[in-house]
Amino acid sequence: MSILDNINNPNDLKKIKKEHLPEVASEIRKKIIETVSKTGGHLASSLGAVDLTVALHYVYNSPVDKIIWDVGHQAYAHKILTGRGDKFETLRTHNGISGFPRRSESEHDAFGVGHSSTSISAALGFAAARDLRKENYKVVAVIGDGSMTGGLAFEGLQNAGHLKKDMLVILNDNEMFISQKVGAIAGYFAKLLTVGMVKKAEQKIMKTVSRFHGFGSPFGKLIKRAKVMLFPGMLFEEMGFTYIGPVQGHDISNLENILTNIKDMQGPVLLHVITKKGKGYAHAEENPEKFHGVGKFNVNTGKTAKNEEVTYTQVFSDTLVKLANANDKIVAITAAMPEGTGLDKFAKHFPERYFDVGIAEEHAVTFAAGMAAEGMQPVCAVYSTFMQRALDNIVHDVALQNLPVVFALDRAGLVGEDGGTHHGAFDFSYLNFIPNLIVMAPADENELQHMLKTALNSNKPCALRYPRGAVVGVALDMAPSVLQIGKAKVISEGKDICLLAIGNHVDTCVKAAEMLSERNIKASVVNMRFLKPLDEEIIKEMLSKTKKFITVEENALTGGLGESVKSLLCNTGAVVECIGLPDKFIEHGSQKTLRKKYGLTAENIAETALKML
């Protein structure tokens, strides 16, 4: 029996002798690797945080003490040590455990997280509530994997330094943003350390060193050698934190000693820990980007199953490169996801026109607005779920000024196993109310390339949303062409009922119409193409043929296509049934499972039509 078999909660871990903790960490890594090889998941980040997690749970008393993870995909070892080891094989499967911390899943998950840069603000909230209630427990925020590049992290740091609450921030510096080596945190801060109080402090030190005959003296050489480590610490000190580090993040014994020593320190403390992303699995250590978020893979070889399917992301990527070849005003912007959004190809072709801003979606949008104001044509490619964070920037900095920024919203709709934090379930809803903004969704890959061309030619703010996964499989036209903005396309005409679809469920409606045809029911199918502006003319034309409508969209029904159609057809005698996502946060599970559960299938559309008739 392994040591891990006897650990069902953090109290069990505390019974293990300190010298055996590395064995525990090794067993956890093995469990993570074996499970993720079968379920897919965020492998490299969690492997890098194993030793730190073991030390944290050895010293702190969860769930009384609050440990908050950021980004949450570092928390696999945390799940295993907090009573979910026997369920870990269900990771990211429908009705299994989530790939992220969830308050509803365990009392040890103090704060749910799937996006980044939230932990410091949340931890400060816990600490402030604790003090108001005169309670006594510790609060720890573990922030890493690029989360410190988000502006919210610095807002939290500034306020924590001001309030001076007792709390610990652990900067898990694995020298990575999510997908690209843009420098260690020390290197990242080096750019910030040339201004303000830190620069003044540096000047004072240089003045002092000069008295010892400059950097040529032994003392000067020591200062020069320490400079890279010294100034990041000074930055945190200036913000009101006690800075400790950097320390090696894979020496559990040393980590345990340090955490024990600083546990009762007063005020905000920042512990800077250096870890290696993918630690303990050679393939992930060598290629952490590939194993950041990975599908099923062979543990021995590290090879993933070869996917021959063409994806919407690939078509977007190829089209953007093609269009950029003919237009040097096109620039591409992403928030730390070049591979995920397909912009890695653009970066190789046009490195000077490619910008990765880090995990900072708000900045990405306003940065794009600035470029657009100066005559460039920015394409801002961000996952649908992450673009929610920049809503204010879209409204005020882009749409209000009517600037021609193209938002390419990848992973729109149901994304599958990453669950509620990652489903792109709300983009139609949060974009639909914004004036000046064109909102469109392609029915297939050919329409995607035409819509990207249309957006870039519109000289207007445009949002183009498309799903995760494989394309329909239609032939691509030789060159992208410009579509008429706000004009839908009639696929088929029928007198009995009209199916209005947008995006990836146009093909689903075509199949539903074929099923209905077998029962001698004639259904019209309309590819709406544009949510905004809505083609009211085509809907009214269909109204002259039938009073029965079904709308289909892979978005929350609140604020989406269905509500727009219902509003248009009210007081006309039309009956409108809306198929889409209900007013809830959708759980994790495969796209196929979730689409079946929520009625986004040809069978359900046909059955709904039969009931209406």
Side-chain angles (χ1 to χ4, degrees), residues 31-47 49 69 71-80 84-106 109 112-116 145 178-179 281 284 289-299 303-307 309 311-313 337 339-341 382-386 388 409-427 466-470 504 554-556 581-582 584-598 600-601:
K31 192 177 189 73
I32 291 173
I33 293 166
E34 288 177 349
T35 298
V36 176
S37 73
K38 298 170 185 173
T39 66
H42 291 89
L43 182 66
S45 303
S46 272
L47 289 179
W69 300 89
V71 178
H73 57 234
Q74 299 178 91
Y76 288 1
H78 163 76
K79 285 178 177 273
I80 291 170
R84 287 164 280 183
D86 59 338
K87 300 175 184 175
F88 194 67
E89 62 185 17
T90 70
L91 181 74
R92 303 173 76 246
T93 61
H94 194 237
N95 296 324
I97 64 172
S98 169
F100 299 89
R102 288 178 64 186
R103 284 169 58 84
S104 60
E105 187 177 283
S106 171
D109 291 356
V113 59
H115 294 185
S116 83
D145 218 24
I178 275 185
S179 60
Y281 183 52
E289 295 97 336
K290 175 183 175 183
F291 286 92
H292 169 74
V294 66
K296 298 176 182 179
F297 64 94
N298 183 294
V299 174
K303 292 182 179 179
T304 55
K306 198 167 184 179
N307 187 357
E309 293 179 327
T311 65
Y312 281 93
T313 303
M337 297 296 285
E339 292 88 1
T341 59
V382 176
Y383 288 6
S384 167
T385 183
F386 298 140
Q388 294 163 186
L409 305 186
D410 203 327
R411 269 64 166 182
L414 297 167
V415 300
E417 292 81 2
D418 282 336
T421 56
H422 281 59
H423 292 310
F426 308 114
D427 53 71
Y466 45 94
R468 176 188 184 187
N504 56 318
E554 198 164 292
N555 187 83
L581 301 176
K584 60 175 283 190
F585 290 103
I586 307 302
E587 70 275 22
H588 60 278
S590 71
Q591 289 173 302
K592 183 178 180 180
T593 297
L594 296 175
R595 284 169 182 154
K596 183 177 180 180
K597 179 174 180 177
Y598 294 105
L600 291 163
T601 63

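Quick caveat, the model's predicted, so the values are computed rather than measured.
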Enquirer: Got a second to check how far His423's NE2 is from Gln591's CD, nearest 0.5 Å?
Expert: 9.0 Å
Enquirer: Let me see the working for Arg84 and Asp109 under salt bridge (Lys or Arg N to Asp or Glu O under 4.0 Å), right down to the final yes or no.
Expert: CA-CA 11 Å; Arg84 287 164 280 183; Asp109 291 356; 2.8 Å; yes
Enquirer: Are Ser98 and Arg92 close enough that some pair of their side-chain heavy atoms sits under 4.5 Å apart?
Expert: no
Enquirer: Can you give me the closest heavy-atom contact between Leu47 and Ala284, atom names plus distance?
Expert: CD1-CB, 4.4 Å
Enquirer: About how many Å separate OG of Ser104 and CD of Glu587, when rounded to the nearest 0.5 Å?
Expert: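 With rounding to 0.5 Å, CD (Glu587) is 11.0 Å from OG (Ser104).
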Enquirer: Would you give the length of the straight line joining atom OG of Ser106 to atom NZ of Lys87, rounded to the nearest 0.5 angstrom?
Expert: 9.0 Å
Enquirer: Here's a test for you: under side chain to side chain contact (heavy atoms under 4.5 Å, CB included), which of Asn555, Leu594, Leu414 qualifies with Leu581?
Expert: Leu414
Enquirer: Enter the distance from Trp69:CH2 to Tyr76:OH here, rounded to the nearest 0.5 Å.
Expert: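 It is 13.0 Å, given to the nearest 0.5 Å.
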Enquirer: Take a 6.0 Å sphere around NZ of Lys303 and say whether it holds more than 12 heavy atoms from other residues, nucleotides or ligands.
Expert: no
Enquirer: In terms of relative ring orientation, are Phe585 and Phe426 parallel, tilted or perpendicular, with 30° and 60° separating the classes?
Expert: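 Correct class here is perpendicular.
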Enquirer: Would the distance check show the side chain of Ser590 and the main-chain N or O of Thr593 forming a donor-acceptor pair, the cut-off being under 3.5 Å?
Expert: yes
Enquirer: So which atom in Gly72 and which in Val113 form the shortest heavy-atom distance, rounded to 0.1 Å?
Expert: CA-CG1, 3.5 Å
Enquirer: Identify which one of Thr311, Thr313, Thr341, Thr385 satisfies the side chain to side chain donor-acceptor pair (under 3.5 Å) criterion when paired with Asp410.
Expert: Thr313
Enquirer: Run the numbers on Phe297 and Leu43 for side chain to side chain contact (heavy atoms under 4.5 Å, CB included), then give the verdict.
Expert: CA-CA 11 Å; Phe297 64 94; Leu43 182 66; 3.7 Å; yes
Enquirer: Mind listing the closest non-hydrogen atom pair of Thr90 and Thr93 along with its distance?
Expert: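 Minimum heavy-atom contact is O-OG1, 2.6 Å.
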Enquirer: If we only count heavy atoms from C-beta on, is the Tyr383 to His115 side-chain gap below 4.5 Å?
Expert: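 With C-beta onward as the side chain, the pair stays apart.
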Enquirer: Identify the heavy atoms of Tyr312 and Ala470 that sit nearest to each other, and give their distance.
Expert: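 In this case the closest contact between Tyr312 and Ala470 is CE1-O, 3.4 Å.
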Enquirer: Just so I know, are the side chains of Glu34 and Glu89 near enough to count as touching, which here means a heavy-atom distance under 4.5 Å?
Expert: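 Contact flag for Glu34/Glu89 side chains = no.
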Enquirer: Under a 4.5 Å cut-off applied to non-hydrogen side-chain atoms, are Ile97 and Arg102 in contact?
Expert: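 No; the side chains remain at least 4.5 Å from each other.
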Enquirer: So, do Ile32 and Leu91 sit near enough that their side-chain heavy atoms are less than 4.5 Å apart?
Expert: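 No; the side chains remain at least 4.5 Å from each other.
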Enquirer: Any side-chain heavy-atom pair from His422 and His588 closer than 4.5 angstrom?
Expert: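 Result no, sub-4.5 Å side-chain heavy-atom pair not found.
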Enquirer: Before we go on, tell me: are the rings of His42 and Phe100 under 6.0 Å apart, centre to centre?
Expert: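 Distance test on ring centres: under 6.0 Å, yes.
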Enquirer: Give me the atom names and distance for the closest heavy-atom approach of Ala412 to Glu554.
Expert: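 Heavy atoms of Ala412 and Glu554 come nearest at O-OE2, 4.4 Å.
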Enquirer: Once you round to the nearest 0.5 Å, how far does OG1 of Thr421 lie from CZ of Phe386?
Expert: 7.5 Å
Enquirer: To the nearest 0.5 Å, how far apart are CZ in Arg411 and CG in Asp427?
Expert: 13.5 Å
